[in-house]
Amino acid sequence: NAPSVKAKAKRPLHKVVTYRVPHNAAVQIYDFKNKSARVVFGPDLVMLDPDEHFTQLSLSGGKPKKPNVIKSLCLLLGPDFCTDIVIVETADHARLSLQLSYNWHFQAGKKSSEEGAKLFTVPDFIGDACKAIASRVRGQVASVQFDDFHKNSARIIRSSVFGMDDKGKVKEEFVFRENNLVITSIDIQSVEPVDQRTREALQKSVQLAIEITTKSQEATARHEAERLEQQAKGRLERQMIDDEAQAEISRKKLLLLKASSAAVESAGQAKAEAQSTAERAKIEGEAAVEQARLKAQADQIEAENELERVKAVREAELNYIAKQHELEMTRAQRLSQIESGRYEKMLSAMGRDTLKSIAQAGPELDVRLLKSLGLQTTLVTDGHTPLNLFNTAHGLIGKALGVRGVKGGAGTAESVVSYDED
């Protein structure tokens, strides 16, 4: 059975090697044939080519950090944290053991091949980051005294790692440009002296500080109680003085009331007489005002009545004049109708033919008279208004030529006769 077990344990050569890259992680695959590497970001399923192999990561682990403790195929991009123990020594040669915890993540925004290759440039990023931070912390702590570090340990460690900006404030993060690793925060979990004598001295100083604080608090409480007692006594004495002052004020008010009552009693009669006189004058004045108001109303009523009478008289006169004018207009219209009817009856009695003969009698007599004189064209003027006869003569001649031709001799006679108004 041994050969069969060994055959089952061996990987089948016809199957493809696959690996599921988890979310927010990256895997580097190296091709030995082409001497090139590619990076795959998760979540994804990786299938190796015949000449490809995974790049195994050997990371530091433990507390304090030791190399080659963690083996992994994928690189987690974070955010995550790691813990380390750092031994430091202050300026007064006090050795301390610090347990620090760092929050970190990788900046891989575009997830391109260049960014992926940059993530794997540092094989052990945990060990490299812990060493760099420990070096900064040791350098900063070495320049301060133990008492100062014991009071301001957090500020000293954060300023040593993150640095200070132009305004003197601690920066928010510390970036490793080699592989885009970002340290966002530092947690100081514990600070312990390495030397036993230093630890005992520190415990004694802490106990002494606690005793001093306790005694100080007791003294403060005692002083506060005495102060409150003095304040209570002062308030009591002040209250007694206030009560006496209030009693004097009440007594003064009583005397003032007695004096005012006597004054009121003595001045009551005079005041009553004055009030009665004032009331009588007030009543007389109101009566006079009412009488004047009634008289004004009577005058107003008389004036309004007179105005109404005059208005009625004027309206009657206007109505009389309007009726008179209307009668005259009616009389004139009837006279004109009678006159026009008389003329119409006269014209209808004479007849249209008679009127036509009367109207044409004068012009026909003139035409006969002109024909007896032998004239063909006649123009009658008043002898004063100038006339332009050039165009008229041209028209007459042209008309004669166009109709009958030019006639000469004694048989044709054209004359223009002009009569004066006389």
Exercise for the section: Hey, can you tell me if Phe32 and Tyr30 have their rings parallel, tilted or perpendicular (30° and 60° cut-offs)? Expected result: perpendicular
Problem - Main-chain N/O of Thr213 paired with Ser216 side-chain donor or acceptor, under 3.5 Å - result: no
Practice task
Mark yes or no for whether Asp128, through its side chain, and Asp124, through its backbone, hold a donor-acceptor pair below 3.5 Å.
Solution key: no
Problem - Residue list, salt bridge (charged side-chain N to carboxylate O under 4.0 Å, His left out) with Arg342, at least two apart or on another chain - result: Glu339
Handout entry: Asp49 (side chain) donor-acceptor with Asp51 (main chain) under 3.5 angstrom
Key = no
Problem - Distance-only polar pair, side chains of Gln239 and Asp243, donor-acceptor under 3.5 Å - result: yes
Problem - Counterpart residues, ring pair (Phe, Tyr, Trp, His ring centres under 6.0 Å), relative to Phe125 (two or more places apart) - result: Trp104, Phe106
Exercise for the section: Would you mind checking if Glu114 and Lys118 are paired as a salt bridge, meaning a charged N to carboxylate O distance below 4.0 Å? Expected result: no
Problem - Residues forming a ring pair (Phe, Tyr, Trp, His ring centres under 6.0 Å) with Phe120, sequence neighbours excluded - result: none
Completion exercise
Closest non-hydrogen contact found for Val27 with Cys74 is CG2-CB, 3.7 Å
Exercise for the section: Kindly state each residue pair satisfying side-chain hydrogen bond (donor to acceptor under 3.5 Å, both in side chains) with at least one member in residues 71-82, sequence neighbours excluded. Expected result: Ser58-Lys71
Practice task
Can you measure from NZ (Lys65) to CD1 (Ile70) and round to the nearest 0.5 angstrom?
Solution key: 7.5 Å
Practice task
May I ask you to check whether over 12 heavy atoms, not counting those of His105, lie within 6.0 Å of atom NE2?
Solution key: yes
Practice task
Could you pull out the closest heavy-atom pair between Ala108 and Phe41, with the gap in Å?
Solution key: CB-CE2, 4.5 Å
Practice task
Would you confirm whether Ser135, through its side chain, and Ala132, through its main-chain N or O, come within 3.5 Å as a donor-acceptor pair?
Solution key: no
Practice task
Verify whether one side chain among Asn103 and Ser185 offers a donor that lies under 3.5 Å from an acceptor in the other.
Solution key: yes
Handout entry: Pairing of Lys282 and Glu279 as salt bridge, 4.0 angstrom limit
Key = no
Practice task
Under the salt bridge (charged side-chain N to carboxylate O under 4.0 Å, His left out) rule, collect the residues that match up with Arg238, sequence neighbours excluded.
Solution key: none
Handout entry: Where Ser101 and Thr83 come nearest, the two heavy atoms and their spacing
Key = OG-OG1, 3.9 Å
Problem - Main-chain N/O of Ser336 paired to Ser340 side chain as donor or acceptor, under 3.5 Å - result: yes
Practice task
Might you point out which heavy atoms bring Ala129 and Leu181 nearest each other, and give the distance in Å?
Solution key: CB-CD2, 3.7 Å
Handout entry: salt bridge (charged side-chain N to carboxylate O under 4.0 Å, His left out) partners of residues 248-259, not counting sequence neighbours, each pair once
Key = Glu248-Arg251
Exercise for the section: Please check if the side chain of Ser159 supplies one atom and the backbone of Ile156 the other of a donor-acceptor pair under 3.5 Å. Expected result: yes
Practice task
Check whether any side-chain N or O of Arg38 sits under 3.5 Å from a backbone N or O of Ile29 as a donor-acceptor pair, and report yes or no.
Solution key: no
